[in-house]
Amino acid sequence: MRLSRYFMPTLREAPSDAQIVSHQLMLRAGLIRQEAAGIYAWLPIGLKVLRKIEQIVREEMNRAGAVEVLMPTLQLADLWRESGRYDDYGEEMLRIKDRHERDLLYGPTAEEVITDIFRAYIKSYKDLPKNLYNIQWKFRDERRPRFGVMRGREFLMKDAYSFDVDEAAARRAYNRMFLAYLNVYARLGLKAIPVRADTGPIGGDLSHEFIILADTGESQVFAHKDLVEMGAPGPDIDWDGDLQPLVDQRTRLYAASDEMHDQARFEAEATPDERMTARGIEVGHIFYFGEKYSRPMGAKVAMPDGTERFVQMGSYGVGVSRLVGAIIEASHDEAGIIWPDSVAPFGAAVVNLRVGEAAVDQVAEQAYQALTAAGLDPLLDDRDERPGAKFASLDLVGVPWQLIVGPKGVAEGVVEIKRRATGERQSLPLEAALKAITG
RNA sequence: CGGGGCGUAGCGCAGCCUGGUAGCGCAUCUGCUUUGGGAGCAGAGGGUCGCAGGUUCAAAUCCUGCCGCCCCGACCA
């Protein structure tokens with residue numbers, strides 16, 4: 001992409017509405033534009049990042065055996081009346097009427113719709129297990145939206161729903177999502193901690209929130225240090241095998257958010273050195289809820305003995321748009337955003353320091369073509385700007401590599417490469433520079 | 001929903017108390033000079049002062065109502 005033809009509106013100063021760093025940087029780097037409280041337009045850079053995160057989530061869901069669908073943003077109130085939630089949900093639900101005076105709502109979640117789809121087609125235990133997910137915009141009319149996309153009213157969520165024949169099978173489904181989530185966060189360059197979450201009226205121990213560590217996070221988290229460094233299981237585990245040991249390994253160590261925290265237990269289960277208290281951002285929540293929806297909505301399957309049984313369900317949510325903010329909270333410096341390579345809007349930027357000087361233009365163009373051919377989706381900064389302005393805006397936007405082409409270097413037969421994350425620079429001949437970037 | 005704050009040019013702000021020509025920085029446009037970390041000089045454009053009503057000879061400024069946005073709390077992906 002040639003920056004002179006692109007749309008990347010950056011700001012030198014953050015709008016005063018933005019209070020936390022991720023929100024400020026998203027506005028300054030031109031990722032989003034606020035249209036109303038908690039409602040944002042996604043500008044090109046922001047959209048690219050959002051799509052990359054979405055794709056990573058998608059790949060890991062697919063790997064773990066989930067199947068993608070796409071459910072509508074608008075849902076029928078009647079479905080929610082079946083589950084009993086239409087009246088319970090309250091002011092957070094955005095309710096609408098169509099021209100026939102029929103009650104609709106903008107979906108805050110999709111248990112009802114997915115259960116409706118499931119019950120229409122799945123009638124036998126032989127068709128289980130199933131896990132269906134979608135990545136779709138949700139709307140919750142929050143009392144107080146805040147912190148940019150971290151708590152928006154309209155937000156992009158991946159929500160998966162598992163259907164199983166009994167609780168043991170449901171636990172296996174739960175375990176797959178538990179581990180898949182850890183893989184997602186690892187690919188996003190985040191350290192995520194699974195913490196016990198409130199299971200509400202269902203009880204049991206099958207609900208976890210995934211918290212990533214960031215000083216500006218909304219929740220307090222108390223955890224055993226080893227859990228933070230334990231890392232993700234990786235993609236190559238046997239998804240159809242027994243995942244319980246891998247889950248146990250990560251759930252037996254103490255971890256709780258403030259509402260579930262038990263200080264006495266914390267002290268009993270971890271030595272002072274092992275105890276870690278930090279701020280965090282919730283970026284996922286998984287939940288087993290049994291027959292909560294299948295029973296009222298009549299989602300049941302025939303068993304081998306001919307009897308019918310309500311399916312056991314779980315739901316698994318990832319805040320995709322929130323992750324954009326969360327990654328920035330976890331990874332930035334004074335100059336701007338530091339994207340992990342996996343979600344960076346561009347793989348590299350070619351910085352032409354002297355647009356219009358033929359020798360420089362030629363090398364920049366050559367670098368741009370080579371990086372394009374290597375699949376890095378580079379940005380060519382061909383704006384008629386001074387070097388400082390270019391460096392500042394590329395640092396702000398957080399492109400992982402800068403390949404800097406200036407008249408001095410060209411005269412000496414070298415270019416400079418700079419790694420955004422470390423600030424490390426190197427002067428190299430073009431071929432070597434390209435090799436360093438493309439690996 | 002309780003408490004607090006703020007709405008003046010694209011962004012950041014001053015002006016309001018004490019009513020009288022709407023300002024500053026950045027950004028934008030033109031020209032010249034510059035060109036390895038947000039340049040300099042000269043010039044230019046851009047504002048229903050959130051909206052409505054009221055007071056007044058006169059309202060960004062005072063009064064009333066409404067709307068919007070942000071923060072804290074409670075609540076929540």
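Computed from a prediction, not measured in an experiment: that's the story for all the values here. Chain letters run A, B, ... following the sequence lines, proteins first, then strands; residues in each count from 1.
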Participant: Mind checking A/K418 for me? I need base, sugar-phosphate or nothing, with any heavy atom below 4.0 Å counting as a touch.
Facilitator: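 A/K418: base contact, heavy atoms under 4.0 Å.
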
Participant: Against the six-membered ring of A/Y86, is A/R95 placed for a cation-pi contact (under 6.0 Å from the centre, within 45° of the normal)?
Facilitator: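 Yes, a cation-pi geometry holds between A/R95 and A/Y86.
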
Participant: Hey, do the aromatic rings of A/H261 and A/F266 have their centres closer than 6.0 Å?
Facilitator: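 That pair passes the under 6.0 Å test.
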
Participant: Let me know the distance between CG of A/D381 and C1' of B/U35, rounded to the nearest Å.
Facilitator: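 Checked: the CG to C1' distance equals 14 Å.
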
Participant: Could you measure the distance from the CZ atom of A/R187 to the NZ atom of A/K52? Nearest 0.5 Å is fine.
Facilitator: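 Atom-to-atom, A/R187:CZ and A/K52:NZ are 11.5 Å apart.
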
Participant: Counting only N and O atoms by type, is there a donor-acceptor contact under 3.5 Å from the side chain of A/R151 to the main-chain atoms of A/P145?
Facilitator: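 It does not hold such a pair.
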
Participant: Using the P atom as the point on both nucleotides, what is the distance between B/U48 and B/G43, in whole Å?
Facilitator: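 Comparing P positions in B/G43 and B/U48 gives a spacing of 26 Å.
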
Participant: Check this for me, if you would: do A/D381 and A/R2 make a salt bridge, where the nitrogen-to-carboxylate-oxygen distance has to be below 4.0 angstrom?
Facilitator: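 Salt bridge between A/D381 and A/R2, a charged N being under 4.0 Å from a carboxylate O: no.
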
Participant: Look at A/R143 together with A/E91 and state whether they make a salt bridge at an N to O cut-off of under 4.0 Å.
Facilitator: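 A/E91 and A/R143: not salt-bridged.
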
Participant: Using atom C1' of each nucleotide, how far apart are B/G47 and B/G5 to the nearest Å?
Facilitator: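 Here B/G47 and B/G5 have their C1' atoms 24 Å from each other.
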
Participant: For A/G317, which contact category applies under a 4.0 Å heavy-atom criterion: base, sugar-phosphate, or nothing?
Facilitator: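 Since no nucleic acid heavy atom lies under 4.0 Å of A/G317, the category is nothing.
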
Participant: Checking A/H332 against A/S22: is there a side-chain donor and acceptor pair closer than 3.5 Å?
Facilitator: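 Judged by distance alone, the side chains do not pair up.
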
Participant: Look at A/R386 and B/G38 and indicate whether a side-chain polar atom (N or O) is within less than 4.0 Å of OP1 or OP2.
Facilitator: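 A/R386 to B/G38 OP1/OP2: no side-chain N or O under 4.0 Å.
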
Participant: Considering every strand and a 4.0 Å limit on heavy-atom distances, what is the contact class for A/G148: base, sugar-phosphate, or nothing?
Facilitator: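 Nothing, no heavy atom under 4.0 Å.
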
Participant: For A/D159, which contact category applies under a 4.0 Å heavy-atom criterion: base, sugar-phosphate, or nothing?
Facilitator: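 Touches nothing.
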
Participant: Tell me the interatomic distance from A/R28, atom CZ, to B/G12, atom P, rounded to whole angstroms.
Facilitator: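 So the CZ-P distance, A/R28 to B/G12, works out to 12 Å.
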
Participant: Please determine if a side-chain N or O atom of A/T109 lies less than 4.0 Å away from the OP1 or OP2 oxygen of B/A77.
Facilitator: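 For B/A77, OP1/OP2 do not have a side-chain N/O of A/T109 under 4.0 Å.
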
Participant: In this structure, how many angstroms lie between the P atom of B/U35 and the CG atom of A/L353, rounded?
Facilitator: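 To the nearest whole Å, that distance equals 13 Å.
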
Participant: Rounded to whole angstrom, note down the C1' distance from B/U61 over to B/A44.
Facilitator: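 Looking at atom C1' only, B/U61 and B/A44 are 30 Å apart.
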
Participant: May I have the distance from A/K408 (atom NZ) to B/U35 (atom P), rounded to whole angstrom?
Facilitator: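 It works out to 9 Å between those atoms.
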
Participant: Identify whether any heavy atom of A/R153 sits under 4.0 Å from a base atom; if not, whether one sits that close to sugar-phosphate; answer base, sugar-phosphate or nothing.
Facilitator: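 Counting heavy atoms under 4.0 Å across all strands, no contact is made by A/R153.
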
Participant: Whole Å only: how far is the CD atom of A/E111 from the P atom of B/A77?
Facilitator: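 One finds 11 Å between P of B/A77 and CD of A/E111, rounded.
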
Participant: Map A/L396 and A/P145 onto RNA chain B by nearest heavy atom, then report which one ends up closer to the 5' terminus.
Facilitator: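 Closest to the 5' end, via its nearest nucleotide, is A/L396.
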
Participant: Do A/V228 and A/L213 make a side-chain contact, defined as non-hydrogen atoms from C-beta onward lying under 4.5 Å apart?
Facilitator: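 Sidechains of A/L213 and A/V228: in contact.
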
Participant: Under 6.0 Å from the ring centre and within 45 degrees of the ring axis: does the NZ or CZ of A/R140 meet both conditions for the six-membered ring of A/Y89?
Facilitator: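 No, a cation-pi geometry is absent between A/R140 and A/Y89.
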
Participant: Using the rule for Phe, Tyr, His and the six-membered ring of Trp, do A/F155 and B/A77 stack at under 5.5 Å and under 30°?
Facilitator: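 So A/F155 counts as stacking on the base.
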
Participant: Does A/R419 qualify as a cation-pi partner of A/W401, given the criterion of NZ or CZ under 6.0 Å from the six-membered ring centre and within 45 degrees of its axis?
Facilitator: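 Judged by the rule (NZ or CZ under 6.0 Å from the ring centre, within 45° of its axis), A/R419 counts as positioned above A/W401.
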
Participant: Does the cation-pi check pass for A/K130 over A/F118, that is, NZ or CZ under 6.0 Å from the six-membered ring centre and within 45° of its axis?
Facilitator: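 Judged by the rule (NZ or CZ under 6.0 Å from the ring centre, within 45° of its axis), A/K130 is not positioned above A/F118.
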
Participant: Ring centres under 6.0 Å, that's the criterion: do A/Y161 and A/Y133 meet it?
Facilitator: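 Aromatic pair excluded; centres sit 6.0 Å or further apart.
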
Participant: When the C1' atoms of B/C62 and B/G19 are compared, how many Å lie between them, rounded to an integer?
Facilitator: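 Looking at atom C1' only, B/G19 and B/C62 are 8 Å apart.
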
Participant: Measure from CD on A/E209 to P on B/A77 and round the result to the nearest Å.
Facilitator: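 Rounded to the whole Å, the gap is 8 Å.
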
Participant: Work out how far the P atom of B/U8 is from that of B/C51, and round it to whole angstrom.
Facilitator: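 About 10 Å, rounded to a whole number of Å.
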
Participant: Determine the interatomic distance between C1' on B/G4 and the same-named atom on B/C76; round to the nearest Å.
Facilitator: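 The answer is 22 Å between these two C1' atoms.
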
Participant: If you restrict it to nitrogen or oxygen atoms, what contacts under 3.5 Å exist between nucleotides 72-76 of chain B and the protein, and what is each distance?
Facilitator:
unit_1	atom_1	unit_2	atom_2	d
B/C72	OP2	A/R144	NH1	3.2
B/C72	OP2	A/R144	NH2	2.8
B/C72	N4	A/R144	NE	3.2
B/C75	N4	A/R146	NH2	2.9
B/C76	O2	A/R151	NH1	2.0
B/C76	O2	A/R151	NH2	2.8
B/C76	N3	A/R151	NH2	2.9

Participant: Using a 4.0 Å heavy-atom cut-off across all strands, classify A/G284 as base, sugar-phosphate, or nothing.
Facilitator: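 It contacts nothing in the nucleic acid.
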
Participant: Find the distance A/Q19:CD to B/G4:C1' and express it as a whole number of Å.
Facilitator: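 After rounding, the gap between these two atoms is 13 Å.
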
Participant: Quick test: give all pairs of protein nitrogen or oxygen and nucleotides 22-29 of chain B nitrogen or oxygen below 3.5 Å, distance rounded to 0.1 Å.
Facilitator:
unit_1	atom_1	unit_2	atom_2	d
B/G25	N2	A/E13	OE1	3.0

Participant: Here's a test of your reading of the structure: between A/V149 and A/H23, which maps to the more 5' nucleotide of RNA chain B?
Facilitator: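 The residue whose closest nucleotide sits nearer the 5' end is A/H23.
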
Participant: For B/G68 and A/Q34 - does any side-chain N or O of the residue sit under 4.0 Å from the phosphate oxygens OP1/OP2?
Facilitator: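 For B/G68, neither OP1 nor OP2 has a side-chain N or O of A/Q34 closer than 4.0 Å.
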
Participant: With rounding to whole Å, what would you report as the distance between B/G65 and B/G3 at their P atoms?
Facilitator: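 Approximately 15 Å lies between the P atom of B/G65 and that of B/G3.
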
Participant: Check every strand shown and say whether A/A36 touches a base, only sugar-phosphate, or nothing at a heavy-atom separation below 4.0 Å.
Facilitator: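 Sugar-phosphate, backbone atoms only, no base.
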
Participant: Expressed in whole Å, how much space separates the C1' atoms belonging to B/C70 and B/G31?
Facilitator: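 Pairwise C1' distance, B/C70 against B/G31, rounds to 42 Å.
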
